[in-house]
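The block underneath contains the structure these notes are about, expressed in structure tokens.
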Amino acid sequence: MDHDGTHHLTATIAASVDLPSTLDGGQSFRWWGEAGGFRGVIGRRAYLIKSAVDAIVVDSVDGSPIRPNDVAAIERYLALDYDLKGFASRFAKDRGLGPALSAWPGIRILRQDPWECLVAFICSSCSNIPRIKLNVGSLATTYGDKVGPGARDHAFPNAVRLASAGELALRGLGLGFRARYVAAAAEAVSEGRLDLESLYALPYEEARDRLISLDGIGEKVADCALAFAFDKREAFPIDRWVRRALIEWYGAPERLSPEKVASWARERFGTDGAYVQQYLFHRQRLSARLPTRA
DNA sequence: TGGAAGCCTGGTGT
DNA sequence: AACACCAGGCTTC
């Protein structure tokens, strides 16, 4: 507990979270390393979050006090209510997940804003993390309200805002062919053809079908949004990395198409899917970067 | 119903 | 430094 005599500025949340892997590990593209922690915006508030022993410390970026509703927002965003320890003990001896769970015990699946998350993963199509961060950052700084003193302290623009920007302007920001899809999604949401809030209450398959009905949203993008924003833990996004992991460690048939591998994995892992996927992704991605392979 | 080409443009490696 | 080649996918043919 910090106390400087006059104001209570920061908040300490007792939870062990692997911040780099969670905030900068491919789920969200809105966090930037700063001062040994991460700086980013949740909703309309900019935060600086750092790791401590079995805890995270939350600070504002402008000296304003962190209040109980800030803490609630961060706990919700990090989905600290999920029983990660239970998941870890269920898979402790698992061939693919065991090593990943002991190497990175604190990776969380985020509960992001649905619209922001959906747009980010539309932008992820045929791209890479630095570029996705660039694109999403450009959208925020260009069209989102400024919510802090830093250049990147911008809220993510809502659908109405992006719809009025239009495809051409989004292309101008460097989104490339994804601009058309972001613009189309923005129109669908702002015109009420797609009600994102209503997807929370729908079963996984139905929510997924609703998302896929939009142009530029296929299985992978839909599953990412469902897992990282809509709390659908049976979503199992399959990309190159995860596909390779499923083949290498679980004997998934090598010739199966990505869609078939996805349903194979959903059947096998059920509501553990999202966390399984994230741990496999992390392990596969980081081990591929090691200079030597075991 | 399966498979391959094309899409924008910044990142990555040489 | 410049220049290929490629990328966490989707649509179309």
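Only this structure's heavy atoms are used, side chains among them; waters, hydrogens and symmetry mates stay out. Letters go in sequence order (proteins before strands), and every chain restarts at 1.
Using a 4.0 Å cut-off between a side-chain N of Lys or Arg and a carboxylate O of Asp or Glu, Asp272(A) and Arg266(A) do not qualify as a salt bridge. Salt bridge annotation for Arg193(A)-Glu191(A): present, with a cationic side-chain nitrogen under 4.0 angstrom from a carboxylate oxygen.
Residues Ala235(A) and Asp223(A) share a closest heavy-atom pair of CB-O, 3.6 Å.
Looking at Arg45(A) and Ser60(A), their side chains never bring a donor and an acceptor atom within 3.5 Å of each other. For the residue pair Tyr47(A)/Asp70(A), the side-chain donor-acceptor check at 3.5 Å is satisfied.
Within 4.0 Å (heavy atoms only), Lys260(A) reaches sugar-phosphate atoms of the nucleic acid but no base atom.
First and last contacts of DNA chain B with chain A, using any nucleotide atom under 4.0 Å from a protein heavy atom and ordered 5' to 3', fall at dG2(B) to dT12(B).
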- Message: Please evaluate residues Thr141(A) and His154(A) with respect to the criterion side-chain hydrogen bond (donor to acceptor under 3.5 Å, both in side chains), reporting the C-alpha separation (whole Å), side-chain torsions for both, the decisive distance (0.1 Å), and the verdict.
- Response: CA-CA 6 Å; Thr141(A) 53; His154(A) 285 255; 5.8 Å; no
- Query: For every nucleotide of nucleotides 2-13 of chain C, 5' to 3': is a protein heavy atom under 4.0 Å from its base (B), only from its sugar-phosphate (S), or from neither (-)?
  - Reply: -----BBBSS--
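Using modelled atom types, one side-chain atom of Tyr279(A) and one backbone atom of Ile107(A) make a donor-acceptor pair closer than 3.5 Å.
Between Phe91(A) and Phe269(A), the angle of the ring planes lies from 30° to 60°, which puts this pair in the tilted group.
Rounded to the nearest Å, the gap between the P atom of dC5(C) and that of dA5(B) is 16 Å. Distance check on atom P: dC8(B) versus dC13(C) gives 14 Å, rounded to whole Å. Nucleotides dG8(C) and dG13(B) are separated by 12 Å at their P atoms, to the nearest Å.
No more than 12 heavy atoms of other residues, nucleotides or ligands lie within 6.0 Å of CZ in Arg67(A), so this atom counts as exposed by the packing criterion.
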- Task: Give DNA chain C the dot-bracket treatment, 5' to 3': Watson-Crick (N1-N3 with N6-O4 or O6-N4) or G-U (N1-O2, O6-N3) under 3.5 Å, [ ] crossing, | other strand.
- Result: .||||||.|||||
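Annotation: cation-pi geometry not satisfied between Lys133(A) and Trp31(A) (NZ/CZ under 6.0 angstrom from ring centroid, within 45° of ring axis).
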